[in-house]
Amino acid sequence: MASTENPDPETGKSEPLPASTEALTPPAAPSSASSFLDCRKIDIIIRVLLFSATLTALIVMVTSDQTEMTQLPGAPSPAPVSAEFSDSPAFIYFVVALVVAGFYALISTIISISLLLRPEFVAQFSIYISSFDMVVLGILASATGTAGGVAYIALKGNEEIGWNKICNVYDKFCRYIATSLALSLFASLLLLVLSICSMWKRTTT
């Protein structure tokens, strides 16, 4: 093994080499604060999108009314007949579900922003937010499916039980309902993503 001593040319004695003054520092561990902030920011963005989707779907749904001149059985001449979402209990349930989901999206967005500023309260509120995410997801998904079934009958009809299709007459009404259902489905997918992320964070912590 090579000697670490350096001989002095005048005295002939070996002198130890000076030790390195640079201390070996271990590599810095990646900070978890930045990843936490990024996760919370993504959560806020998704909730803002959720609020926008439910609010837009609600506005489209409540403005879907259409009036057309229709020949009623037994009437001597066509009469104005309106198609409104309030004519179907399934559509009323759908509108109520959109109101609930939109209100929850707004409140949860405010809470998420507050938790971003005060991260010490995250552990206390995360369990409640993730639970409400799944509850609202169930409400909105069931309402979307129910309204979608009625909208399909309005589009195709059902000859076996004598239900006539109406989308060939009330085209604007059906287009608005289809748009609202698509936005509601998108909102349901956002809630599903939030629920999965919440469960994943709980299992990894």
Side-chain angles (χ1 to χ4, degrees), residues 32-65 84-155 167 173-205:
S32 60
S34 59
S35 60
F36 170 79
L37 292 178
D38 292 340
C39 181
R40 300 308 304 177
K41 289 178 181 178
I42 294 174
D43 181 86
I44 292 173
I45 292 173
I46 294 177
R47 294 186 186 280
V48 171
L49 289 175
L50 174 63
F51 174 71
S52 302
T54 52
L55 179 62
T56 305
L58 178 62
I59 294 174
V60 171
M61 192 67 187
V62 298
T63 57
S64 61
D65 299 353
E84 303 175 354
F85 78 89
S86 57
D87 296 334
S88 170
F91 290 155
I92 295 175
Y93 172 47
F94 180 55
V95 169
V96 172
L98 288 174
V99 172
V100 172
F103 181 74
Y104 170 73
L106 178 61
I107 297 299
S108 62
T109 301
I110 296 174
I111 293 177
S112 296
I113 295 175
S114 301
L115 294 179
L116 183 64
L117 301 177
R118 302 292 297 274
E120 62 269 18
F121 296 105
V122 171
Q124 303 176 9
F125 285 91
S126 294
I127 182 64
Y128 298 107
I129 294 178
S130 59
S131 299
F132 279 113
D133 284 343
M134 290 184 284
V135 171
V136 176
L137 171 60
I139 295 174
L140 187 60
S142 64
T144 304
T146 303
V150 177
Y152 181 81
I153 295 177
L155 177 64
C167 287
F173 176 72
C174 291
R175 285 198 311 269
Y176 275 45
I177 289 180
T179 303
S180 183
L181 287 171
L183 290 170
S184 178
L185 182 60
F186 175 67
S188 299
L189 292 177
L190 292 177
L191 281 168
L192 180 61
V193 171
L194 288 173
S195 300
I196 293 175
C197 290
S198 299
M199 293 176 62
W200 179 78
K201 286 187 293 184
R202 289 172 58 187
T203 55
T204 53
T205 55

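Values reported hereafter were calculated over all heavy atoms of this structure, with side chains retained and with hydrogens, waters and symmetry mates removed. Sequential numbering from 1 along the given sequence is applied to the chain's residues.
Thr54 and Leu98 get closest at one heavy-atom pair: CB-O, 4.2 Å.
In this structure, Phe173 and Phe91 have perpendicular ring planes: the angle between them is above 60°, well past the 30° mark.
Residue pairs meeting the side chain to side chain donor-acceptor pair (under 3.5 Å) criterion with at least one partner in residues 184-194, sequence neighbours excluded, are Thr144-Ser184.
To the nearest 0.5 Å, atom CZ of residue Phe132 and atom CG of residue Leu191 are 13.5 Å apart. Atom CG of Leu55 sits about 11.0 Å away from atom CG of Leu50, to the nearest 0.5 Å. For the atom pair CG (Leu185) and CG (Leu190), the distance works out to 10.0 Å, reported to the nearest 0.5 Å. If you take SG on Cys167 and CZ on Arg175, they are separated by 10.0 Å, rounding to the nearest 0.5 Å. Interatomic distance, CG of Leu189 versus CG of Leu49, reported as 12.5 Å (0.5 Å rounding). Once rounded to the nearest 0.5 Å, the distance linking OH of Tyr152 with SG of Cys174 reads 13.5 Å.
Residues satisfying the side-chain contact (heavy atoms from CB on, under 4.5 Å) test with Ala90, not counting sequence neighbours, are Ser88, Thr146, Val150.
With a 4.5 Å cut-off on side-chain heavy atoms, Arg47 and Ile110 do not count as touching.
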What's the verdict on side chain to side chain contact (heavy atoms under 4.5 Å, CB included) for Phe94 and Ile177, showing C-alpha distance, side-chain angles and the deciding distance?
-> CA-CA 10 Å; Phe94 180 55; Ile177 289 180; over 6 Å; no
Let me see the working for Ile129 and Leu194 under side chain to side chain contact (heavy atoms under 4.5 Å, CB included), right down to the final yes or no.
-> CA-CA 10 Å; Ile129 294 178; Leu194 288 173; over 6 Å; no
Would you check, one step at a time, whether the test side chain to side chain contact (heavy atoms under 4.5 Å, CB included) holds for Tyr128 with Ile111?
-> CA-CA 11 Å; Tyr128 298 107; Ile111 293 177; over 6 Å; no
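A distance-only check finds no donor-acceptor pair linking the side chain of Thr56 to the backbone of Ala53 [under 3.5 Å].
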Would you tabulate the side-chain donor-acceptor contacts of residues 134-143 under 3.5 Å, counting partners in other chains and residues two or more places apart, or write 'none'?
| unit_1 | atom_1 | unit_2 | atom_2 | d |
| --- | --- | --- | --- | --- |
| Ser142 | OG | Tyr93 | OH | 2.7 |
| Ser142 | OG | Gly138 | O | 3.0 |
| Ser142 | OG | Ile139 | O | 2.9 |

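Atom OH of Tyr176 has 12 or fewer heavy atoms from other residues, nucleotides or ligands within 6.0 Å.
In the model, Asp43 has a side-chain atom that pairs as donor or acceptor with a side-chain atom of Ser112 under 3.5 Å.
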